[in-house]
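Reading through the structure tokens given below for one structure.
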Amino acid sequence: MESAEQTTQTQQDSQRLRTARIQKLTDLVDKGINPYPYKFVRTAVAQELQDKYAELESGIETEDTYSVAGRIMAIRNSGMFMDLMDTTGKIQIFCHKEFIGEEPFKTLKLVDVGDIIGITGTIRRTPRGELSLKATSYQILSKSLLPLPEKFHGLTDVETRYRQRYVDLIVNSDTRDTLRKRSLIIQEIRTFLMERGYLEVETPMLQTLAGGAAARPFETHHNALDIPMFMRIAPELHLKRLMVGGLNDKVFELNRNFRNEGIDTRHNPEFTMLELYEAYSDYNDMMDLIENMIARVCNNVLGSTKVNFQGTELDFTPPWERMTMLGAVKKYTGIDFAEHLDEVDAAKKAKEIGVETEQGDNWGKVIDKVFEEKVEPHLIQPVHIIDYPRDISPLAKAHRDNPRLTERFESRVNGWEISNAFSELTDPIDQRGRFEGQAKAKADGDEEAHPIDEDYITALEYGLAPCGGLGVGIDRLVMLLTDSPTIRDVIAFPTMKPKGHKADKE
RNA sequence: GCGCUUGUAGCUCAGCUGGUAGAGCACUCCCCUUUUAAGGGAUAGGUCGCGCGUUCGAAUCGCGCCAAGCGUACCA
């Protein structure tokens, strides 16, 4: 009943084309053919045949019989030639009535571009050099009711590509390549960590307190408990609870975070993050780890640690350059903020070079703003920016040589933050002080200041071993490694605003 | 959030300064049949994102709304 309405809706969109295919569907059923059968036994895939018969000469026929299946992407000469695409590649189907018989040949008229079919036949290479399967029989495996985008120009409309990713995937090999690479990259990361004794864990995505980062969370409500709940903005505090418990000396979680913020070419409301923690390590070890991890991913997925991104070669070969944050700022602005320790003084220096700060900004925040505006754009090649101000690093351990700083680094590539790591703050007294500082900032209007998590402090009071921690933005990493200019290209189903309805405001 | 740009046939696009739409491919039918964006012929297909306004007349001009892209803001 509901589906009948939907059908009517769809028919309005592409009425004629769909109606024609519905007619064919009916004709098939009349012939006793099920257009949606249950199973087809394949004996080969396209690329396998292309490789195996790469040396077969033009015009040569073999007796070798195979069954393949896939989607018809093109039909030529009224069905005599069809391009069959499966997930591995393409192979041409040669369909001649002499070899498949009168009746099946007639039925071929009911087959369209877009249909999924199974073919059995023998391998030959046509005189024109195209490897083909000479069909002796075929079976419709799924009748397609909607037309595919035009074969030559394909589908370029970005909105349709994101909203109807299934069509994009059928038609655009780039999209398939990128999303397959994404999967391989993640798989390599897992393997790398497993080999080093890491334990993969899962922590709550639905939380009563959204901590571990500074960001606006998505809010929801648990009906049975009648309490507000939040989608996590980071798994950090739960992972460190597991470290306190000694579940394993090395743990990681590779999964989704949610932040209720703007959407642009580098931000999607839900995004994938790797976070890992290693006991008895510090941030120096984390720098080595991420360099080795990414180098391995590059080598195993792309075959090189030198990667082209939008015309620039990025060299991920370890070791990466390391610069202190204050040193980087001094290098690109000439200002040494170690000599301007007062926030008012620091803000004055920032203003001299055109960086606007706000009234309540502390020393660290001022430096951070200067860094973002004046330094970040220069950081194209992989680099670790180390020793962030304490004011802006509430979860990082104070620097062993300078109490105003922390042992924290961010890895930057192409100007983007791709990782954030610390020698984790393990001192519960210090941690409470940091949280209280954040609470004050929140009271002063900083919506993204970190909330106080009492239970987390309790956990720290039981004792957390010295510990290095690392977070890696997987989507951005995948962008860099797949030459994708926007995050939406590396996420199969990026967040889109629904079409056609005005926002129903209650 | 703000600014700029875009939205026309299933797809890719044209339609200049207002005269109520056009191409290629796809679809349907016919011819041809070892093709590679096959070829030849014929037909059909459109609430021009949505709404309001200006006008004798709006795809075209104005305003509002919806969606998208880019930039900007936000995002330690």
Side-chain angles (χ1 to χ4, degrees), chain A residues 10 12-21 23-24 58-59 73-83 90 92-98 109 112-114 124-132 134 144-164 167 171 212-216 233-234 257 259-269 271 325 361-362 364-369 371-372 385 388-396 406 408 410 416-417 420 422 438 441 446-450 471 473 485-486 488 494 496-503:
Chain A
T10 313
Q12 285 173 354
D13 297 344
S14 51
Q15 209 175 23
R16 301 161 295 111
L17 300 168
R18 188 166 176 280
T19 304
R21 292 199 177 200
Q23 184 56 52
K24 289 180 180 178
S58 296
M73 297 305 288
I75 297 178
R76 292 181 291 280
N77 286 34
S78 312
M80 187 182 291
F81 296 97
M82 297 186 282
D83 288 340
K90 279 186 184 177
Q92 178 170 272
I93 304 301
F94 175 64
C95 223
H96 199 284
K97 65 180 165 195
E98 195 182 324
K109 281 206 169 86
D112 290 299
V113 170
R124 64 182 287 236
R125 191 175 289 281
T126 65
R128 305 240 179 155
E130 190 71 36
L131 189 73
S132 306
K134 185 168 89 180
S144 170
L145 301 182
L146 294 171
L148 289 177
E150 186 221 348
K151 62 197 160 201
F152 189 59
H153 296 94
L155 178 69
T156 58
D157 180 69
V158 283
E159 188 173 349
T160 309
R161 292 210 301 119
Y162 298 145
R163 287 192 194 277
Q164 295 184 279
V167 180
V171 176
R216 250 173 263 183
I233 56 175
N257 286 345
R259 295 185 184 177
N260 203 343
E261 287 158 358
I263 296 174
D264 62 30
T265 50
R266 290 194 304 283
H267 297 85
N268 195 64
F271 62 101
M325 192 182 209
D361 287 349
N362 54 39
K365 192 98 183 170
V366 170
I367 294 170
D368 197 39
K369 284 182 174 169
F371 177 82
E372 275 182 22
I385 299 299
Y388 275 61
R390 181 189 174 108
D391 308 326
I392 55 172
S393 313
L395 299 166
T406 57
R408 169 185 176 188
E410 286 189 1
W416 307 343
E417 171 194 345
N420 184 18
F422 329 131
Q438 290 290 307
D446 184 351
E447 278 190 72
E448 280 154 9
H450 202 291
T486 156
R488 295 184 148 194
M496 299 289 282
K497 203 164 180 177
K499 225 176 167 178
H501 293 283
K502 280 192 174 181

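First the proteins, then the strands, lettered A, B, ... as listed; each starts at 1.
- When heavy atoms are screened at a 4.0 angstrom cut-off, E130(A) is found touching base atoms of the nucleic acid.
- By the salt bridge (Lys or Arg N to Asp or Glu O under 4.0 Å) test, R161(A) is found to be paired with D168(A), D489(A), residues two or more places apart in sequence or in another chain being considered.
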Could you encode protein contacts along nucleotides 27-34 of chain B as a string, one character per nucleotide from 5' to 3', using B for base contact, S for sugar-phosphate-only contact and - for no contact, with a heavy-atom cut-off of under 4.0 Å? SS---BBB
Taking only N/O atoms, report every protein-nucleotides 21-25 of chain B pair under 3.5 Å with atom names and distance.
unit_1, atom_1, unit_2, atom_2, d
rG24(B), N2, E150(A), OE1, 3.3

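- For rG51(B) and rA59(B), the P atoms lie 12 Å apart once the distance is rounded to whole Å.
- Every side chain to side chain contact (heavy atoms under 4.5 Å, CB included) that K97(A) has, sequence neighbours left out, goes to E102(A), F105(A).
- Taking the P atom of each, rU60(B) and rC48(B) are spaced 9 Å apart, rounded to whole Å.
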Can you check nucleotides 5-7 of chain B for protein contacts, nitrogen or oxygen pairs under 3.5 Å, and list what you find?
none

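- For the pairing with D83(A), the side chain to side chain donor-acceptor pair (under 3.5 Å) check across K151(A), K90(A), R76(A) returns one residue only, R76(A).
- Residue T265(A) is the one, among E261(A) and T265(A), whose nearest nucleotide of RNA chain B lies closer to the 5' end (criterion: closest heavy atom).
- Using C1' as the reference atom, rG24(B) and rG62(B) are 35 Å apart when rounded to the nearest Å.
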Pair pattern of RNA chain B in dot-bracket, where unpaired bases get dots and | marks partners in another strand, Watson-Crick or G-U under 3.5 angstrom: (((((((..((((.....[..))))..((((.......))))......(((((..]....))))))))))))....
